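Shown next, in structure tokens, is the structure this report addresses.
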Amino acid sequence: MHPRILLAGAAVAAGLTSAAMAAEYKVGLIVPTSGTYAALGAEISNGFNLALEHFGSELGGDTISVLIEDEEASPQTGLAKARKLVLQDKVDVLAGIVSSGVLGAVRDFVHQSQTPLVVANAGNDEATGERCSPYVIRVSFSNQQINRPMGEWLAKQGVKRVYTLAADYSAGHQHIEAFSKAFTANGGEVVGGAFTPFGKTSDFAPYLAAAKAANPDAIYVFYAGGEAIAFVKQYDSFGLKQEIPLYSPGWLTSVAYVHVEGAAADGITTALNYVPTIDNPENKRFQEDYQAKHDRIGSEFAVQGYDAGRLIVEAVKAAGGDKDKLAQALREVRFTGPRGPLEIDPATNNVVQNIYVYTTEVEGDKATQEIKDVIEAVRDEPNGCVMS
Ligand code: PHB
């Protein structure tokens, strides 16, 4: 007899249905643990583990174990790690991924191997647009989901002429494109811009000089991790902070590293899917426990890891031990978490969520975020997604 049938037979003999059999789920978590985005990866892993602590007890007999690999923010490495986790380690589900470049590189492998992937950061628009897949479920954001509302918002503040700067890889291009489209559609003008070599630019002075020469009303940028810290400090020391206001998606002044930026980050207005000052019981529980464990405020990256972990727990519960049902179950989960209500849009598999516009205020060694506006339930158009 086939061993699987034998197993099912044994379960039936023991009075159990196959759905009641305990299953062991292996998660392959792919995050940067080195390089420009290392701090982001650490936050995501911490958040993910906290979710397993908070919600894992709801699993009955099922268990979840986690294997971590370094994506290095490199598409080639990220793909090699995804292949290793699925083919060698036999994980049931992948999670994590910080860089849009890595997400673009793993998408076809994930789709063809039918391995569910819960994206906990990378905003690559195509992954929930023209290259969408029933196996790619994103709980973080799409690049356009953050920048489109910010383009509209900034134009409505009366800002007319903007200069743009961003890291030169897929995410940087998508951020600036989405911002520019929304900003110009609402009456703004993009008067110039540049893309800086990703992970290799330590001196922003030539770019800041060009930005200043264009004489814009404001500068709009995309930088995260180590590059964000360098950029914010140099923007200040170059003297531009006093002259031209700086706007960006909120990773520029993430609480993961705003303490390193210090006073240079004071007064910068940005937009994001999470702010630590959100007032709801889920955020209170998350922040209290995160801070008790890590002695620092949990960032948006930690919340994305936390929500990815919770999504997997909820889907495992719903799949009732049947691993073939996991991908579909992941798409159907909805809950209110630290960032507010969230659900996965069945048309794209991208998360539907609030976007917060806020100003970072730094006093001494303390930073807080003052929420200026909440754009509720932001949802992307399908953008060419045909869910197969
Ligand atoms: C991305 O590559 O999609 C990306 C990376 C870092 C961020 C946001 C987006 O903070």
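This one's a predicted model, so the numbers in the text were calculated from it and none came from an experiment. Atoms within each ligand, like the ligands themselves, are counted from 1 in listed order.
Minimum interatomic distance between Val106 and Ala82 (heavy atoms only, all atoms of both residues): CG1-CB, 4.0 Å. In terms of heavy atoms, Asn280 sits closest to Gly340 at ND2-N, 3.7 Å.
Here the heavy atom of the protein found nearest to atom 2 (O) of ligand 1 is Tyr169 OH, 2.4 Å.
Classified by interplanar angle (parallel below 30°, tilted 30° to 60°, perpendicular above 60°), the ring pair Phe183/Phe179 is parallel. Phe198 and Tyr37 have tilted rings, their planes meeting at an angle from 30° to 60° on a 0 to 90° scale.
Checked against a 6.0 Å centroid threshold, the rings of Tyr220 and Tyr163 do not count as neighbours.
Under 4.0 Å from ligand 1, not a single heavy atom of Phe198 appears. At a 4.0 Å heavy-atom cut-off, ligand 1 touches Ser100 through backbone and side chain alike.
If you run ring pair (Phe, Tyr, Trp, His ring centres under 6.0 Å) between His175 and each of Tyr223, Tyr247, Tyr169, Phe222, only Phe222 comes through.
The closest side-chain heavy-atom distance from Gln145 to Asn350 is below 4.5 Å. Residues Val119 and Ile137 form no side-chain contact, since every pair of their non-hydrogen atoms from C-beta on lies 4.5 Å or further apart.
Shown in contact with Gly123 at under 4.0 Å from a heavy atom are these atoms of ligand 1, numbered in order with element: 3 (O). In summary, the atoms of ligand 1 found under 4.0 Å from a heavy atom of Ala171, numbered by their order in the structure, are 1 (C), 2 (O), 3 (O). Within ligand 1, the atoms closer than 4.0 Å to a non-hydrogen atom of Ala224 are 6 (C), 7 (C), 10 (O), numbered from 1 in the order shown. Each of the following atoms of ligand 1 lies closer than 4.0 Å to a heavy atom of Phe141: 8 (C), 9 (C). Atoms of ligand 1 found under 4.0 Å from any heavy atom of Ala122 (numbered from 1 in listed order, with element): 3 (O). If you number the atoms of ligand 1 from 1 as listed, the ones under 4.0 Å from a heavy atom of Val98 come out as 1 (C), 2 (O), 3 (O), 4 (C), 5 (C). Every atom of ligand 1 with a heavy atom of Phe301 under 4.0 Å away is listed here by number and element: 10 (O).
Residue contacts with ligand 1: Gly101 is placed with no nitrogen or oxygen under 3.5 Å of a nitrogen or oxygen of the ligand (distance criterion only). At under 3.5 Å, not a single nitrogen or oxygen of Asn124, backbone or side chain, sits near a nitrogen or oxygen of ligand 1.
For the residue pair Gln291 and Arg296, no side-chain donor N or O sits within less than 3.5 Å of a side-chain acceptor on the partner.
The option with the heavy atom closest to atom 7 (C) of ligand 1, from among Val119, Asn121, Asp125, Val102, is Asn121.
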